Amino acid sequence: MRHYEVMVILDPSLDERTVAPTLDTFLNVIRTSGGNVEKVDVWGRRRLSFEINKQAEGIYALLDVNAEPAAVKELDRQLSLQDSVLRTKVLRRDAAKG
Amino acid sequence: MAKLDRRPPKRKVNLLRREGVTVVDWKDVTLLRKFISDRGKIRSRRVTGLTPQQQKQVATAIKNAREMALLPYPGVAAR
């Protein structure tokens, strides 16, 4: 079991209030595999420093997760298949200290 | 016999990060902004006055932040 940070940039046309519940459905992958979700932090709308898929803004969300590597990989895969997800990034905080 | 007076070594901006930062967080954009030029390039160690380890940490943090569009990539006059 390891600690991961998953950052997601979502399409700005989404309603910010629906973001947390939608992400939650994806997090079921973690829960069913025995991991737990520490924190879901929705930063909200932010200007991107460059355009991603022609979008100048994005809704940022940060997920703190304890899980098996395979579960996180699956979560990342499912997120990136979503059209409303502009970009994702998975980092292990403990390893490289930053 | 005063030799050509050497300019006294300009004191470096003394480890900006003795402000309590021990671990550089790639999500701390306001901190990382101080380590890039207005064109978006990472400031060299000569300018930042960081230790090699710290410089490395800052550099990786900036690169991670760039991937998530938190910081700009180097280019013509970024905003």
Side-chain angles (χ1 to χ4, degrees), chain A residues 2-14 16 19 23 26 37-65 72-73 75-77 79-80 82-98, chain B residues 10-79:
Chain A
R2 278 176 170 153
H3 184 270
Y4 291 93
E5 286 179 331
V6 184
M7 192 187 256
V8 190
I9 305 182
L10 294 149
D11 194 289
S13 57
L14 291 172
E16 268 177 62
V19 166
L23 286 175
F26 288 106
V37 182
E38 260 175 34
K39 205 172 73 182
V40 178
D41 185 6
V42 181
W43 287 9
R45 219 166 288 259
R46 244 188 94 99
R47 233 196 123 69
L48 305 173
S49 28
F50 47 87
E51 290 193 353
I52 301 177
N53 301 351
K54 316 263 187 231
Q55 302 284 351
E57 286 187 322
I59 301 176
Y60 281 75
L62 191 68
L63 319 168
D64 270 15
V65 160
V72 178
K73 204 171 171 192
L75 170 70
D76 189 36
R77 190 186 75 86
L79 282 173
S80 52
Q82 217 62 22
D83 280 341
S84 58
V85 175
L86 296 184
R87 200 166 279 197
T88 60
K89 187 176 188 70
V90 181
L91 270 188
R92 257 174 70 200
R93 197 169 48 187
D94 42 28
K97 293 274 181 236
Chain B
K10 200 184 169 205
R11 242 179 293 110
K12 279 179 192 158
V13 208
N14 222 358
L15 297 209
L16 215 141
R17 18 210 348 278
R18 291 297 75 154
E19 285 165 22
V21 196
T22 42
V23 178
V24 187
D25 188 1
W26 63 280
K27 302 183 294 300
D28 189 350
V29 185
T30 31
L31 176 73
L32 295 178
R33 282 253 178 223
K34 298 174 185 164
F35 293 101
I36 59 175
S37 70
D38 36 1
R39 305 203 109 184
K41 292 183 170 187
I42 301 176
R43 289 248 157 85
S44 75
R45 219 148 71 65
R46 263 174 46 186
V47 180
T48 59
L50 297 178
T51 67
Q53 292 86 343
Q54 290 171 327
Q55 178 75 12
K56 186 86 198 163
Q57 278 189 13
V58 169
T60 15
I62 290 177
K63 286 167 188 172
N64 274 330
R66 274 179 188 163
E67 279 188 42
M68 290 312 275
L70 296 172
L71 292 177
Y73 279 101
V76 202
R79 286 142 297 153

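The structure displayed is predicted, hence computed values, not measured ones. Values below: all heavy atoms of this structure, side chains included; hydrogens, waters and symmetry mates excluded.
Counting heavy atoms of neighbouring residues, nucleotides and ligands inside a 6.0 Å radius, atom NZ of K41(B) does not exceed 12 of them.
The contact between E5(A) and chain B is made entirely by side chain atoms (from C-beta outward), counting heavy-atom distances below 4.5 Å.
Proximity of M68(B) to L91(A): side-chain heavy atoms (C-beta onward) are nowhere separated by under 4.5 Å.
Closest non-hydrogen pair, A69(B) versus S49(A), comes out as O-OG, 2.6 Å. Shortest non-hydrogen contact noted between M7(A) and L70(B) is CE-CD1, 4.3 Å.
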Problem set entry | Full working for side chain to side chain contact (heavy atoms under 4.5 Å, CB included) between K27(B) and Y60(A) | CA-CA 11 Å; K27(B) 302 183 294 300; Y60(A) 281 75; over 6 Å; no
When the side chains of residues 82-89 of chain A are checked against the rest of the protein, which donor-acceptor pairs come out under 3.5 Å, sequence neighbours left out?
{"from": "R87(A)", "atom 1": "NH1", "to": "E67(B)", "atom 2": "O", "distance (Å)": "2.7"}
{"from": "T88(A)", "atom 1": "OG1", "to": "D76(A)", "atom 2": "OD1", "distance (Å)": "2.8"}
{"from": "K89(A)", "atom 1": "NZ", "to": "N64(B)", "atom 2": "OD1", "distance (Å)": "3.1"}
{"from": "K89(A)", "atom 1": "NZ", "to": "E67(B)", "atom 2": "OE1", "distance (Å)": "3.0"}

